[in-house]
Engineer: 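Just dropping this structure here.
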2 protein chains.
Amino acid sequence: MATGRTHRPATRSRGIPEATVARLPLYLRALTALSERSVPTVSSEELAAAAGVNSAKLRKDFSYLGSYGTRGVGYDVEYLVYQISRELGLTQDWPVVIVGIGNLGAALAGYGGFASRGFRVAALIDADPAMTGKPVAGIPVQHSDDLEKIISEDGVSIGVIATPAGVAQQVCDRLVAAGVTSILNFAPTVLSVPDGVDVRKVDLSIELQILAFHEQRKAGEESSAEEGPEALAEPEPAAAVVAPAPRGTTGTTGRKGPDGDVPAVMPA
Amino acid sequence: MATGRTHRPATRSRGIPEATVARLPLYLRALTALSERSVPTVSSEELAAAAGVNSAKLRKDFSYLGSYGTRGVGYDVEYLVYQISRELGLTQDWPVVIVGIGNLGAALAGYGGFASRGFRVAALIDADPAMTGKPVAGIPVQHSDDLEKIISEDGVSIGVIATPAGVAQQVCDRLVAAGVTSILNFAPTVLSVPDGVDVRKVDLSIELQILAFHEQRKAGEESSAEEGPEALAEPEPAAAVVAPAPRGTTGTTGRKGPDGDVPAVMPA
DNA sequence: CCATCTTTGTGCACGCGTTCACAAAGACAT
DNA sequence: ATGTCTTTGTGAACGCGTGCACAAAGATGG
């Protein structure tokens, strides 16, 4: 999930593996649910089940935060909620700007998950003059000319890019130059950023393709057991009947239209 | 691999590490872009740069697919596009249903990336009767009562859940029971499914929380260098003086306090 | 046909993440 | 207090993924 940039020197900054950090929000969500039901304590076994992970892993994850449990009893729900929230930095307010108010940007703007977790939509930005001033999810869209001003005035450090792929890098550069140091990218592009800036990407298309891979593998196993052995996945080097032969010019490449130009929607 | 086995490329199915599969779509995207520019061949170095990965990693990834490159030259773009597409199962049509046509579901429905990669939106499903029949992105929404029928008639094996968290598991169960074996979940919930069913989740809230963690760490490092050492995140074992004490019955747990941090935490 | 130069394919080592299994820490009952 | 019982916290082993470094393969030029 994480983007290629940011490496983990490991030598720097104390502990907390990246994999653990990625699971903390999951634990927090499960704990919050328990908290609402006024459940006082929970064992690693129960919480692990609720979060969909292995209990040993959960205990090890928590051990990086400290010894917050009580042997023979479990973990105090409220206490853990507080500790994890603090560790994740959710005890403070994080203003966020969303750039690119198309279908997706608008959906994100209206997403309730923002406000409830300490994240506040500080501004919606779009390059289309026709959008300027128009309220989306109760927030008026501002023009991208004011991007820098908005970022600095509100002290925004987290930016969400929901623009078409074509302009994502430019937007990214401007955000970074203006002071943003964390970016959540929904555009189907690899963003390059300077050291010190974190980028995470959410890519629908990639997720679907990964599912398709597994789906095909499942189908292939079934049929190959009784059906023709070379039904689908046959990596025969010479079987390239349809495959463009090496050196072939742009022959059957006709179907790439909606790829790099996808309007404001989702990852491609 | 290569455990003395004859010189068998071991290119066979079962291989392909998960990490590699997750990167194939990235390579494919970069290759497609090159293809559109009619670039005939590309070296691992160039392609790796375009995909945002290390060239050694890219070569190793490709080695799992087979030896599709030419030493001294590089990889044939068209040929690779075909091979990766085939490996990912993109040479066939994948009907997909989207359940939950709210802001997000509608945005997903309008996403152009679907069609361009072999994914076809077979149906949009929502539980709200008021939505039934209403066209979204050119496709009429169908009522969830017909979910099973839609799945089986179109032979849908991939489902996208964009419903509220509360009903996600129910929807998931129905999809699985109807024959769906791959699910892309946008609802903030842990879905439990039987073996053989793949689930991938996309969670905006989690991504933001991970960014917040790193953001806080960056800020903490800066200030701790010259400012008070216990400014923000100091998981010192003894520093828990302020946080809600474990064991203290749920009474007045909402306490907090050393240096500015908000009360308890947040709702769901 | 041989020399040289480029780029792939991969053996190997290292580090992170996962899992097991168990000793230690406490709660609780007697 | 002492013993028993539950559950945490973690040492250690293992496996996967990453990146290095280089030999082999093949193109290219003489």
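By convention in this document, chain letters (A, B, ...) are assigned in the order of the sequence lines, proteins followed by strands, and residues within each chain are numbered from 1.
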Engineer: Checking A:Ser35 side chain against A:Leu31 main chain: does a donor-acceptor pair fall under 3.5 Å?
Structural biologist: no

Engineer: Of all the choices, C:dG17, D:dT8, D:dT18, which nucleotide is nearest to the side chain of B:Arg23 once you look at every atom?
Structural biologist: D:dT18

Engineer: Below 3.5 Å, does any donor atom in the side chain of A:Lys60 face an acceptor in the base of D:dG9, or the other way round?
Structural biologist: no

Engineer: Could you check how far CG of B:Leu58 sits from P of C:dT8, rounded to whole Å?
Structural biologist: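 In whole Å, C:dT8 P lies 9 Å from B:Leu58 CG.
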
Engineer: Keeping the roles fixed (side chain from A:Ser43, backbone from A:Glu46), state whether a donor-acceptor pair exists under 3.5 Å.
Structural biologist: yes

Engineer: Return the angle between end axes of the helix from C:dC1-D:dG30 to C:dT30-D:dA1, with five pairs used per end and rounding to 10°.
Structural biologist: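 Rounded to the nearest 10 degrees, the bend comes out at 10°.
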
Engineer: Using the ring pair (Phe, Tyr, Trp, His ring centres under 6.0 Å) rule, collect all pairs that involve residues 22-58 of chain A, keeping only residues at least two apart or in two chains.
Structural biologist: A:Tyr27-A:Phe62

Engineer: Whole angstrom is fine here: how far is it from CZ in B:Arg59 over to C1' in C:dT6?
Structural biologist: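 Those two atoms, CZ and C1', are 12 Å apart.
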
Engineer: So, A:Thr189 versus A:Gln169: side-chain donor-acceptor pair below 3.5 Å or not?
Structural biologist: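 Checked: A:Thr189/A:Gln169 side chains show no N/O donor-acceptor pair below 3.5 Å.
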
Engineer: Of the candidate nucleotides C:dG17, D:dG9, C:dA21, which contains the atom at the shortest distance from the side chain of A:Ser67?
Structural biologist: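 The answer is D:dG9, which lies nearest to the side chain.
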
Engineer: Would you say the side-chain atoms of A:Thr32 and A:Glu36 include a donor-acceptor pair closer than 3.5 Å?
Structural biologist: no

Engineer: In whole angstrom, what separates A:Asp61's CG from C:dT18's P?
Structural biologist: 7 Å

Engineer: Sugar-phosphate atoms are those with a prime plus P, OP1 and OP2; base atoms are the rest. Using that split, label each nucleotide of nucleotides 25-30 of chain D B, S or - for protein heavy atoms under 4.0 Å, 5' to 3'.
Structural biologist: B-S---

Engineer: Less than 4.0 angstrom from a charged side-chain N to a carboxylate O is my criterion; do A:Arg217 and B:Asp198 meet it?
Structural biologist: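 Not counted as a salt bridge, because no side-chain N and carboxylate O are separated by less than 4.0 Å.
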
Engineer: Go through C:dT8, D:dG9, C:dT19 for me and flag the one nearest to the B:Ser44 side chain.
Structural biologist: C:dT8

Engineer: Measure the distance from CG on A:Leu47 to C1' on D:dT7 and round it to the nearest whole Å.
Structural biologist: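 Between C1' of D:dT7 and CG of A:Leu47: 14 Å.
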
Engineer: Heavy atoms under 4.0 Å, any strand shown: does B:Tyr75 hit a base, just sugar-phosphate, or nothing?
Structural biologist: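 Sugar-phosphate contact only.
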
Engineer: Would you indicate which nucleotide in C:dT8, C:dA21, D:dG19 comes nearest to any side-chain atom of B:Lys57?
Structural biologist: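 It is D:dG19.
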
Engineer: Of all the nucleotides listed (C:dA21, D:dG9, C:dG17), which has the minimum atom distance to the side chain of A:Pro17?
Structural biologist: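 It is C:dG17.
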
Engineer: Can you tell me the distance, in whole Å, between the CG atom of B:Leu65 and the P atom of C:dT10?
Structural biologist: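 These atoms are roughly 12 Å apart.
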
Engineer: Begin with the C-alpha distance, continue with both residues' side-chain angles, and end with the deciding distance and a verdict on side-chain contact (heavy atoms from CB on, under 4.5 Å) for A:Leu47 and A:Val53.
Structural biologist: CA-CA 9 Å; A:Leu47 185 54; A:Val53 303; over 6 Å; no

Engineer: Ignoring the backbone of A:Ser63, work out which of C:dT19, D:dC20, D:dG9 is nearest its side chain.
Structural biologist: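 Selected nucleotide (nearest to the side chain): D:dG9.
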
Engineer: Taking only side-chain N and O atoms of A:Asn54, does any of them lie within less than 4.0 angstrom of OP1 or OP2 on C:dG17?
Structural biologist: no

Engineer: Between A:Thr91 and A:Arg86, is there a side-chain donor-acceptor contact under 3.5 Å, judged purely by atom types and distance?
Structural biologist: no

Engineer: Report yes if some heavy atom in the side chain of A:Ile16 is under 4.5 Å from a heavy atom in the side chain of A:Glu87; otherwise report no.
Structural biologist: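 Yes, close enough: below the 4.5 Å cut-off.
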
Engineer: Tell me: OH of B:Tyr64 to P of D:dT18, nearest whole Å?
Structural biologist: 9 Å

